[in-house]
Each structure stands twice: as structure tokens, then as C-alpha cells.
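Okay, so here's the structure we're looking at.
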Amino acid sequence: MSESPAATVRAEPATHPQATTASDATTSHLPLTHMERFIMMCDDPLHPMVFRVLMRFTGPVDRAQMERAFELSAVRHPLLFSTLDSKPTPCWSRMDAPPELIWHQGDDEPEIAHIEPIDITRESGLRVQVWDGDGGFIVLLDFHHACCDGQGARQLIADWFSCYDRMVLGMEPEFGPLDESMLRQRGEVRESKMVKPIGLREGLRNAYVTFRGKTSRISTGESEIPDARASHVIERPLSVEATSQLRERMKSQGITINDLGLAACMLAFWRFTPDARSNERVTIMNPIDLRMPSDRRLPAANRFGYAILRRKRSDCDNFDSLVQSLHDEMTYVKNRAVGGEFVKTLAFMDSWPWLFHKVKNSLLFVPSLQFTCLGDTTRGKRYGFRIEEGEVTVGQLKLDRITGFAPHGPRMPLSVTACETNNRLSLAVRGAASLLTESACAEYADDLLARLIEWTEQDGC
């Protein structure tokens, strides 16, 4: 990630975006990690493991400077312009140059619901489309999840737009230092010396709590969409005022948007499953960032695990109590590095391929939904974003909002994403068209939004 301005280095004015570094020889063919292999196992044309980031700006854009800033930024993240070579063993093979921006003219809005698969064996895992019209400047970034996670996407976005800002202002581009050689350790699960390792007894207890009982699922049935357009995508942004009030209450309560989003997802889920049995549990898969301070020079890559959170309907009767219990559980997950246990399990199952396929094909291990918190893509001075009159400003562009759309795996009906960027929070629901109608997805998104606003406006806020 970018460091503080004092630690920045000036970008080399290379004539070609493919800059050669001393570590090229060691990172041009990187073996896949356990997590990357898991993601590729889940990837198929009807359920592409592609996540989308939608950025909306107002104001004019300098096209030539925008393209140059993208070239200088993308070249810093080799996995974003690599393809998957499966022979003799699966590994990343770097392309000669990063992908080019795909420009669209006119004032038509992009079709955000149509997320095309990315054939990672033939093209890079990054596709970028831009719209420049009277309605503003819009950017759609599609990342194949095998080559990058949400934090990696944030790194590219920060590099790209802070570089563009400096160039438009007549300044030399500057970036925080990155170390390509660290990509070889991207799949390792490292824990702080301050964290007590999870022992056998604690691990067995966590496994029992995670998998006991039956997982409840939601389905309204819609299977007539056979092509790659297999998702319904719904965006629900909060207003500036509502976001400000929400942040104030979260701060006073000492909770995060991840805690609140998990609780809202659970409550909305039970509204859609009125016939579920009392012993069933809503099960949410929640991505956990595994980066440590020592990873700040790691280029864009995957470095995350998962936490599994489960609650019965009776656990969700009191929303405030539910939020607090989830906050306590997530505090334990972070303090004990529980998210890394998922990656360790994948490593174990790599030695038992038959077990991996059995688990993957078993409905027992398919969650009710996924909730992803992307946080604030523009937070902190170290990310290089300039603030003018309370708004993120890039050249002459003003950032309105950023929305992320996380993928859902096979047989998983819903993926919900929260992106708290600039002065607006944006929610997104991506639903499997084979399991849910578009109206059901929209109703679920509206329920989430209403729950957050209702919680914000409670007495005592």
C-alpha cells in the first residue's frame, strides 16, 4: 500500500509502461496459492469470480493524463496483468504490458448488472472501462478474484488517481515503495508474535460452533437465465447526511460498519425465510484481511481469509444485542487471527483432493450469503487523495461515491457489499439469478438500507 508522503519515491519516466525491476526474474512465473486455487475451483461462466468496483465522478477529465496515470500505476502490480498458465503446474505468467483503458463515448449509463466473466487463461485479471460524458466521469473496474482482493483493488485505485491528480496539477508522479519479491509470500499465513496460536481444543470448539446445525437458505426461484448474465445487481447509496449520522452513531457505540452490516444482513434474511425452522441458522461468510504492517510494500494480490458467522432466528430478536454480539465475535476473530484458519484448512485439503471436492460439493458448507466490507477506499493521507471542501478531489474531478460488487459462489444466493468512501456509504446486493428474482434482490437491498437508517435514527443517537 502507499506510505506516507515522506516515504514516497518518484516514478521513473519510462517510455514503456512495462518497467523492469530486479525482482522480475523471480516473480514472472508465480505458483498459485491455496486461496487462489480455491477461487479458481469456484469460478465458472455462470458464477464468475469477478468483483466490480464502480466509481462516479463529476467534472472534466484529461483523457491523455488519465491513460498515462493508469499505465504508471498498473505496472506496479504484476498480478493484475498476468494470465494463468496451467502447464506443467498452475502459475501466473506476466504479460508484456498492463491492459488498456476501454473508453466509451456518449452519455449512456453503464450497465452495471452485466458482469462478464474473465477468462484468466487468455486475458489479464483486470478489465477497466470508462465513460466520459455530460453525466460525469464513470469508471468500472472488474477484477478476477484469483489475482486480487479488495485491498489490492484499493492499492491500484489509490495509485492511479493520486498519480493522475499530481499530473493534472503539474507535479511529478510519486508512489510509495512496493516490493515485487513479496508476492512469493502472499499466500503465507503469518501471525503477530502477540497472538497466541489457536490450539487443538480451541480449534475443535470453533469448528463445532461453525458447522453445527442446519444452514437456512433463501430462494425465490428464477432459472430462466442461462447465459453469463447470471446475477441481479442492485446499488443502494446512502445520502451524505444519512452517512454522516450513521458514522456518528457507530463512533459513539464503538462498532464498525462490518458489525452493523452483518447484523442487518441477518435480520433481512429472516424476513425472507418466514417458514424456516427454529433450529436453522443464517450463515454468513465474511472476508477477513490478513495483511500485517509488514505487508505494506506488497503489490496488489490476494491476502485474505474468511470468518463464518451463524445465528438462529431467536438470536436476532433484538437488533442492538445482535450487533453487540457480532462485534464481540469479530473482535475475537481479529484478536486471534481466526480468518487465517480458513487458509490453513485449504492447505490441509490440498493434500486430500477427494476431501476438497467432497466439501466443495456438499451443501453443508454452502453459506446463506456473503457480506463484504470494503471500508473507505480513499481513507487516510497515506493513500494520496486530496480533500477540498470535504470532497475527494482528483484533478478537476469530484468523487461522488464508490460501490463494490463482490461475487457469489456456486449455489450461494446473495453477496452483499458495503463501501464507505468519501462522505457516502454505498450498499450493493448481487443475487444469483438461478435462485432469486430481481425484485427479491431489490427488496432485500431496500430492507438493508431501511434497517441502517432506522438504527441511525433511534433515540440516543
Side-chain angles (χ1 to χ4, degrees), residues 30-43 49 79 89-92 145-152 181-213 215 258 262 283-296 298 300-310 326 328-367 370-373 406-407 409-410 412:
L30 290 165
L32 267 66
T33 65
H34 300 297
M35 179 61 77
E36 290 165 357
R37 283 198 290 269
F38 171 74
I39 291 172
M40 290 305 302
M41 290 281 292
C42 296
D43 185 51
M49 295 304 290
L79 290 186
T89 58
C91 67
W92 294 109
H145 216 324
C147 68
C148 178
D149 58 14
Q151 288 286 355
S181 65
M182 293 189 68
L183 288 172
R184 288 206 166 272
Q185 289 80 47
R186 71 195 185 283
E188 297 179 3
V189 178
R190 293 182 286 112
E191 298 169 355
S192 170
K193 295 180 180 179
M194 304 298 292
V195 176
K196 179 183 176 182
I198 294 177
L200 178 60
R201 177 178 295 183
E202 186 177 0
L204 290 175
R205 185 205 67 181
N206 289 345
Y208 173 73
V209 171
T210 299
F211 297 114
R212 68 173 177 176
T215 294
N258 192 66
L262 287 168
T283 303
I284 298 185
M285 178 177 279
N286 186 215
I288 304 295
D289 182 31
L290 299 181
R291 287 169 175 79
M292 301 176 67
S294 57
D295 292 317
R296 66 188 182 279
L298 173 71
N302 273 312
R303 195 147 177 73
F304 75 103
Y306 282 108
I308 308 296
L309 301 105
R310 315 187 77 205
L326 289 167
D328 294 342
E329 185 171 354
M330 291 307 300
T331 299
Y332 167 78
V333 167
K334 295 171 184 176
N335 290 344
R336 300 304 310 280
V338 176
E341 296 301 300
F342 184 89
V343 181
K344 293 178 182 179
T345 302
L346 292 178
F348 170 77
M349 288 194 295
D350 265 358
S351 302
W352 305 84
W354 62 270
L355 178 60
F356 183 90
H357 287 283
K358 187 176 182 63
V359 170
K360 178 178 177 289
N361 294 326
S362 172
L363 278 174
L364 178 65
F365 298 98
V366 177
Q370 177 175 306
F371 177 75
T372 305
C373 183
M412 192 187 303

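Just so you know, residue 1 is the first one in the sequence shown, and it goes up from there.
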**Request:** State which residues pass side-chain contact (heavy atoms from CB on, under 4.5 Å) with C373; sequence neighbours excluded, sorted by chain then number.
**Result:** I257, N258, F371

**Request:** Ignoring hydrogens and angles, tell me if any N or O in the side chain of D149 forms a donor-acceptor pair with the backbone of R303 under 3.5 Å.
**Result:** yes

**Message:** What's the separation between atom CZ in F342 and atom CZ in F38, rounded to the nearest 0.5 Å?
**Reply:** 4.0 Å

**Message:** Quick one, D295 with Q185, criterion side-chain contact (heavy atoms from CB on, under 4.5 Å). Give me CA distance, side-chain angles, the key distance, then yes/no.
**Reply:** CA-CA 10 Å; D295 292 317; Q185 289 80 47; over 6 Å; no

**Prompt:** So how far is it from M35 CE to F304 CZ, rounded to the nearest 0.5 Å?
**Reply:** 4.0 Å

**Message:** I'd like to know whether R186 forms a side-chain contact (heavy atoms from CB on, under 4.5 Å) with N302, so could you lay out the CA-CA distance, the side-chain angles of the two residues, the decisive distance to 0.1 Å, and finally the verdict.
**Reply:** CA-CA 7 Å; R186 71 195 185 283; N302 273 312; over 6 Å; no

**Request:** Find the distance between CE (M330) and NZ (K334) and round it off to the nearest 0.5 Å.
**Result:** 5.5 Å

**Item:** Residue pair I308 / E329: nearest heavy atoms and the distance that separates them
**Value:** O-OE2, 4.0 Å

**Prompt:** Could you state the interatomic distance from CE (M49) to CD (E36), rounded to the nearest 0.5 Å?
**Reply:** 12.5 Å

**H145 side chain near D43 side chain, heavy-atom distance below 4.5 Å** = no

**Request:** Output the distance between atom CG (L79) and atom CG (L183), rounded to the nearest 0.5 Å.
**Result:** 5.0 Å

**Closest contact, heavy atoms only, M182 versus L298** = O-CD1, 3.5 Å

**Residues forming a side-chain contact (heavy atoms from CB on, under 4.5 Å) with A406, sequence neighbours excluded** = Q370, T372, S415, T417

**Request:** Compare all side-chain heavy atoms of R184 with those of P31 and state whether any distance is below 4.5 angstrom.
**Result:** yes

**Item:** Check: Y332 and D328 side chains under 4.5 Å, non-hydrogen atoms
**Value:** no

**Asked** Taking all atoms of both residues into account, what is the closest heavy-atom pair of G152 and C148, and its distance?
**Response** C-SG, 3.5 Å

**Message:** What's the separation between atom CG in L326 and atom CG in N286, rounded to the nearest 0.5 Å?
**Reply:** 9.5 Å

